[in-house]
Amino acid sequence: EPAMRAWAEKLGFDTIDVASLDLTTPAPGVVWVTAHFGADAQRYARNGGRVLVLAEDADALGGAFDLLTFARLKPRSGDGDWVPRTDWLDRSGPFAAIPGDTVLGIAFEDILGDLVISGIPNAIRPAVVASGLFNGWLQGAASTTVSTAYSQGVVTVSTYRLRATVDSVPLSLPLGRAVVMAAAE
């Protein structure tokens, strides 16, 4: 995907054309980066591949998680009148180099996407949650970057606005690199 290729190259990653991938035998260390988890990306993950979905619109997951109707992309809820929204990032593993504390400050405001991931993890679909938010006395919890098994592979979904902010927000580059590295783990 040309837009994803350009973004990944700005982050300093080597890229290959999706058409050259063998969807039945994923190559080690190769992460398929996409804005839509379509049939080919799903096949790649089912066969053991790693896929990163930069979820920029509500249809980014396609029908991939339809069997688990509680695993959805939904709009980010704003601050309440009396309980503020708190966005957080687990600064371990690939995210250890991201400056700051667990709670995200104003420097991240332009990177926060319009969507959140609802329902992953859950009892049926465990996951590694790297970032998320809560509001409403912890009842409005959701994920913003999560990695979960998908058959033989792993799908990482992130709702951060990493492509749109790569040239304008200084934290976007290291955060983008960290999200790709999390998808590769």
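The basis for the numbers below is simple: all heavy atoms, side chains too, and nothing from hydrogens, waters or symmetry mates. For this chain, numbers begin at 1 and follow the sequence in order.
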Exercise. Give the cluster check for Phe13 versus Leu171: same hydrophobic cluster or not, with ILVMFWY residues linked at side-chain heavy-atom distances below 4.5 Å.
Key: yes
Quiz item: Quick one: does Thr148's side chain have a donor or acceptor within less than 3.5 Å of a partner on Pro126's backbone?
Solution: yes
Self-check item: Close side-chain approach of Leu54 and Met4, heavy atoms under 4.5 Å
Solution: yes
Quiz prompt | Heavy-atom side-chain proximity of Val146 to Thr156 below 4.5 angstrom | solution = no
Self-check item: CZ-CE distance between Phe95 and Met181, expressed to the nearest 0.5 angstrom
Solution: 10.5 Å
Practice problem: Give a yes or no on whether the ring-centroid distance for Phe37 and Tyr150 is below 6.0 angstrom. | Solution: yes
Quiz item: Do Leu52 and Trp32 come close enough that some side-chain heavy atom pair is under 4.5 Å?
Solution: no
Self-check item: Spacing of CG belonging to Leu61 relative to CG belonging to Asp59, to within rounding of 0.5 Å
Solution: 9.5 Å
Quiz item: Quick one: CZ on Phe108 to OG on Ser172, what's the gap to the nearest 0.5 Å?
Solution: 10.0 Å
Self-check item: For the student: nearest non-hydrogen atoms of Ala55 and Leu115, plus distance
Solution: O-CD1, 4.0 Å
Self-check item: Flag side-chain contact, heavy atom, 4.5 Å: Leu173 against Leu162
Solution: no
Quiz item: Taking everything shown except Glu9 itself, do over 12 heavy atoms lie less than 6.0 Å from its CD?
Solution: yes
Practice problem: Evaluate the criterion side chain to side chain contact (heavy atoms under 4.5 Å, CB included) for residue pair Val53 and Val155; output intermediate values, then yes/no. | Solution: CA-CA 7 Å; Val53 181; Val155 176; 4.1 Å; yes
Quiz item: Roughly how far, to the nearest 0.5 Å, is the CZ atom of Arg161 from the CG atom of Leu112?
Solution: 9.5 Å
Quiz item: What are the two closest heavy atoms between Val180 and Val31, and how far apart are they?
Solution: O-CG2, 4.3 Å
Quiz item: Can you tell me how far the CG atom of Asp57 sits from the CG atom of Asp114, to the nearest 0.5 Å?
Solution: 10.5 Å
Exercise. Could you go through the salt bridge (charged side-chain N to carboxylate O under 4.0 Å, His left out) check for Glu56 and Arg163 one step at a time?
Key: CA-CA 9 Å; Glu56 300 166 345; Arg163 288 192 314 138; 2.7 Å; yes
Exercise. Establish whether Val129 and Val51 are linked, either directly or via other cluster members, by ILVMFWY side-chain heavy-atom contacts under 4.5 Å.
Key: yes
Quiz item: With a 4.5 Å limit on heavy-atom distance, are the side chains of Val154 and Arg50 in contact?
Solution: yes
Quiz item: Do Leu133 and Thr86 have side-chain heavy atoms sitting under 4.5 Å apart?
Solution: no
Practice problem: Identify whether Val128 and Ile120 are in the same connected component of the hydrophobic contact network (ILVMFWY, side-chain heavy atoms under 4.5 Å). | Solution: no
Self-check item: Non-hydrogen atoms of Arg43 and Thr24 that approach each other most closely
Solution: NH2-CG2, 3.0 Å
Quiz item: What's the shortest heavy-atom distance between Gly48 and Pro26, and which atoms?
Solution: C-CG, 3.8 Å
Quiz item: What pair of heavy atoms forms the shortest contact from Thr144 to Gly132, and how long is it?
Solution: OG1-N, 3.3 Å
Self-check item: Heavy-atom pair of closest approach, residues Leu11 and Gly176
Solution: CD1-C, 3.7 Å
Self-check item: Pairwise side-chain contact, Asp17 with Arg5, heavy-atom cut-off 4.5 Å (strictly under)
Solution: yes
Quiz item: Is there side-chain contact between Leu175 and Ile111, with at least one heavy-atom pair below 4.5 Å?
Solution: yes
Quiz item: Is the shortest side-chain N to carboxylate O distance from Lys10 to Asp167 below 4.0 Å?
Solution: yes
Quiz item: For the atom pair OG1 (Thr165) and CD (Glu109), what is the distance rounded to the nearest 0.5 Å?
Solution: 12.0 Å
Quiz item: Are Trp88 and Leu104 connected, step by step, through hydrophobic side chains (Ile, Leu, Val, Met, Phe, Trp, Tyr) whose heavy atoms are closer than 4.5 Å?
Solution: no
Practice problem: Using side-chain hydrogen bond (donor to acceptor under 3.5 Å, both in side chains) as the criterion, point out the one residue from Thr102, Asp87, Thr145 that pairs with Ser131. | Solution: Thr145
Quiz prompt | ILVMFWY network linking Val30 to Trp7, side-chain heavy atoms under 4.5 angstrom | solution = no
